[in-house]
Each structure stands twice: as structure tokens, then as C-alpha cells.
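Quick note on labels: first sequence line is chain A, next is B, and so on, each numbered from 1.
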Amino acid sequence: MDNQDVSQCQSVGRVTPQTAVFEQTLALKSGAVLPGFALAFETYGTLNTAKSNAVLVCHALSGNHHVAGFYDADHRKETLGWWDNLVGPGKPLDTRRFFVVGVNNLGGCHGSTGPMSIHPETRKPYGADFPLLTVEDWVAAQTYLADYLGIDTWAAVIGGSLGGMQALQWTLEYPERVRHGMVIASTPRLSAQNIAFNEVARQAILSDPDFHGGHYYEYDPTAKQPIKPRNGLRLARMVGHITYLSDDQLAEKFGRRMRHGAHRFNYEVEFEIESYLRHQGDKFAEAFDANTYLLATKALDYFDPAFDYAGDLRAALARAKADFFVASFTTDWRFTPEKSREIVYALLHNGLNVSYAEIDCDAGHDSFLLATPHYHAALTAYLQGITL
Amino acid sequence: MSSALTRMHGRFDFAHIARWIAPGERVLDLGCGDGALLCLLQETRQIHGYGVELDPTNVTACIRNGVNVLQFNLERGLSGFEDHSFDHVIMSLSLQTVRHTVPILQEMLRVGREAVVSFPNFAYKPHREAIAAGHMPVSRHLPYQWFDSPNVRFFTLTDFERLCADERIEILERMSFAEGRLVTEDPNLNAEVALYRIRGQRSGIL
């Protein structure tokens, strides 16, 4: 690895999630108001006395606050954080230098207030009554956590994909509170094709007989397995997953390889890619909540900072004051490099400092989660250049 | 920064380019390598600079050197950059590696108020001697063998100046060098590198 001794890279070790509870009401962009909320979060490293070394890691569609380290030393791999290759001592986001915060977004299903939470008045899970959210709402909720942790200004806010949108939104809504926006594998707005894939995912969930209008938590609580729209969520994940990977990568990983070596003329798993997708879908359907998935895909669809500026992204980004690191991946056909370049040109228009890396990696949209040498070398160089 | 000065030493043309840049300018450096020139201009001219570079190792080096770098492919042009959004657009010792010579010059003069280009002189005396002896020249500024050269355009000072005349590009200043020294006499024969400050010819109203 370029300029990075792998033997120096260590894990942040065993971590424990925390929860911050906020009694204040939160007015959402939709007009709805939450009477209070909780955010699950984790921290790694130590906040310095000047409180100048805090970095917020924003998660994507299916992520959460468990960014780095592990929960269970005996099941280290299974309980590893989703961006563990980025965060730790000696890693690009070096916890010997930075105080790193991971947060589960509002509306999430891993500890933050969301559709699974109990509505304070009805004493039942919010379910479909949980208000729809936007990236702006997520960022607004994250400011409460920043205040709670005593962080006036983030040294950096970093995120990939939907996380990158939050990083960008931070620099627009709270320009005084972010010194560096790190926007990776992201886009200033979803394309019609992106929204189309999200709509297929939503319809899979909404049309599942176990969805029960979003109030499935209340159905048959005596059942051994809680009722949830498993099949819908599984389908949603399967179609989503295809868009995260590249054609070349699927060809290389699975090709037309068959499980039994011969055609069996039935609908069981025949091709290895079918087995892989089913496994991914099953795993996700157990671990994730369908209502959270629905609202997160809507937040993706709504995101468009240029919307209030007659579609002019350059005007929309005029509020930003941060320095930027923008990165895209050559085989990402979900959020293409062209979309990242659009962000870069809008930043240039506003005279902001920006570095842009276009990483050659065959793993499609999910490339942002890998430790490709050039990618991590560029991240390391940028993060090392941040003054504390 | 001493590291920048060390690198500058290896690239004598940087100091001369710096003399053409006013403090606080917006500068775009095409093919900026490890960012040494921008680093120097940031320190000595307090410029607001951006480099364009395709090579991943150089991109990382730029970031490490505290230089804004954009990993764009120059062969795709500069269409994303706005008209006259920079005071100077620089292409230092890279013009000979770009296939679309005229379009890139026009683009530089669209994006920049002025442009600065430097290139190795194919008509430098030792190069002529190499050709006369039956070989393609290999020298400090043309260090490649004919079969592994990244250069795709081979031209001389005279050739470049004729192109500028044909394309209505105004040459504001020229400096030529050999072995790190200024050359004044017959530069097309005696200079190994030439450095030009150019601009698009203005209409009568301007």
C-alpha cells in the first residue's frame, strides 16, 4: 500500500454503541414534527482539548453507526464495522489523530429513533406513521449529536454514496461547522434510472402481503418469527445489490458458473449468481427493517440541493465554505464519475479548494468500501493534510 | 518549503514561470505532476491554484503537497471549466504529449485570461545532429526512445510560432533555455526548451 505500512494498521478493537436522547422537538422538512428522538452512535479515538479533531462518518442506505472495530472478539468478522478498513490506528482515518464518530441516522433500525420505535402517544411502534425524512433532516439531527459531544466544528464530515450526500449537505447547511467535506461515490441528485431502481425496491416491499400497510410489527406478535415483509425486503435488496456491482465484476466473480454443472430445468438455484443474490437478500431481510429501507430510498430520491436554485448546482453550492475531497470510481454506473465531476465543477465555480480522485476499480458503486491502494493513498494524504 | 525548492531546482523553468504570475492569481496547471510548480506559486505568489493530473501516484503526491488536484483526462478537453475562470492556465513541458494540439491551446485560452506553455525544442542543435547521424534524438528534455516515448507531437520554436500566427494566438513573451541558462541567439537552434506566454487575439472592441 502506497505510503502506508500495513503492519502499522490496527483495529480500534472492541467497541460499544452509545445512545444520545434528545427531548427537543425536531421539525422535519416534510412539515412533520418529531416530539423527541434518540441517536445511536459510536466513537473511536479521543477528542482533543481544542475539540478540533472530530470527524463524522455518515452512512449509506444500509449502514449504521457501527463504522469500525467489532462487538464480539469471538465473532470478530461477523461483528466488524462496515468501514473498518478506513478507521483505526494507522489507517487512513487514523484514530491516533482523529476523534471519529459514527451515527445511525434518524429513521434507522439499529438503535436510533425510527419506524420500529414506540410512538410516545399511541404506545405502539410508529410503523408507517413515522414521517418521511430527507438528507437535510438527517444532517439537522446530526447537529444535535455534535452539540451533545461538544463539537462546534467537524474537522471533516465524510461519507460514501448517500453518506456523501450528507457530507455535502453539512457543508451547505452548516458551513461554519465543517472544515472539510469528503464526498465519495456520490451525486448531486439521483437520475431517473436511480429513482426507477428505488421504486422497484419500494414496490417489492409495499406489495408484500406481510407489509400490512407498514404496521407489520403489530401483526401476530405471538408468532415465533416476528412478522415482516421478508420477501419484499429480500427482493429490494437483490435489485439494489445488482446496481452496486459492475457487470465485469459479476462476470469475473460468477460468470455463468452453475451449481450442478448441468441444466436442471427448474427454478431452484442453478447459476451461482442466483445463489449469491438470494443469500444477500436473505441476510439483509433478517438484519434490516423494511420501513427504514422505504424511507431511506425516498431520502435518496428527494436529495437535490439545486432544486431551490432552479437546478443550478453552482448557485446551490455558493453557501459552502469547506475544503473538499471528492472521489468517484470508474465502474460505478449507479453514481457515475460524471456526477462527481459535476460537484467538482460547481465547487470550482465557487472558488473552493477541492481535490478530485477518479479511482480505477472494477467493483462498481461498492468500490468505495474497498481498500484499493490509490483510493486509500489519496484518502490518507488528504486526511493527513487536515490541520488540527 | 524546502522540498518545493529542491524540486524547483530540478525544473529551472518554474522560477521563470513564477515571474509571469502576479500575487493572488487563479492558476490552473495542466499536467501538474506532483504539484511542485503550484506548490512554489502558492508559497511565492499566494495563488489560488488547481492542478489537473491523470496519474494516480502524482494525484496522491499533489494532495500530500497541499495542492488542489483534479484527476481529469486532458484528452477529454476542458469543457467543464468556465470561460476566463483563471488568470493563467499553464501547461509545462506537456504540450508535446497532447494529441489535440490546437483544441487544447484554444481551450487554455478560453479558460484562462492568458496561457503559459513550455515544450522541448525538437530543432535544438544536438537533436539536429542526432538526426543527421541517422537517429532520433534522445536528450535531457527528450529522454525517451522513439518506441516508448509519451510524446506524440514533435515541433520546434518556429513551428509553434507559425501555428500561433495561423490560429491568431498572440505571443506576449518568449523565453528559451539551454542547460538551465537563457538563450538569446538563434533560439530555434540553441534552445532545448522554450517557454511562451500567450493569449487569444482580442477583437477591436477590447
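Just one residue in the list A:Phe325, A:Phe329, A:Tyr382 forms a ring pair (Phe, Tyr, Trp, His ring centres under 6.0 Å) with A:Tyr375, and that residue is A:Phe329.
Separation of the B:His141 and B:Phe119 ring centroids does not fall under the 6.0 Å cut-off. The ring of B:Phe122 has its center closer than 6.0 angstrom to the ring center of B:Phe154.
Counting heavy-atom pairs closer than 4.5 Å to chain A, the top residue among B:Val59, B:Ile63, B:Asn68 is B:Asn68.
For the atom pair CG (B:Asp29) and CG (B:Leu37), the distance works out to 5.0 Å, reported to the nearest 0.5 Å.
Side chains of A:Thr243 and A:His365: no donor on one and acceptor on the other come within 3.5 Å.
Residues of residues 333-358 of chain A having a heavy atom under 4.5 Å from any heavy atom of chain B, listed by number: A:Arg341, A:Val344, A:Tyr345, A:Leu348, A:His349, A:Gly351, A:Leu352, A:Asn353, A:Val354, A:Ser355, A:Tyr356, A:Ala357, A:Glu358.
A salt bridge is absent between B:Glu25 and B:Arg45; no separation between the charged side-chain nitrogens and carboxylate oxygens falls under 4.0 Å.
For B:Phe81, the parts lying under 4.5 angstrom from a heavy atom of chain A are both the backbone and the side chain. Proximity to chain A involves both the backbone and the side chain of B:Val69, based on heavy atoms less than 4.5 angstrom apart.
Considering all non-hydrogen atoms of both residues, A:Asn85 and A:His376 come closest at O-CE1, 3.2 Å.
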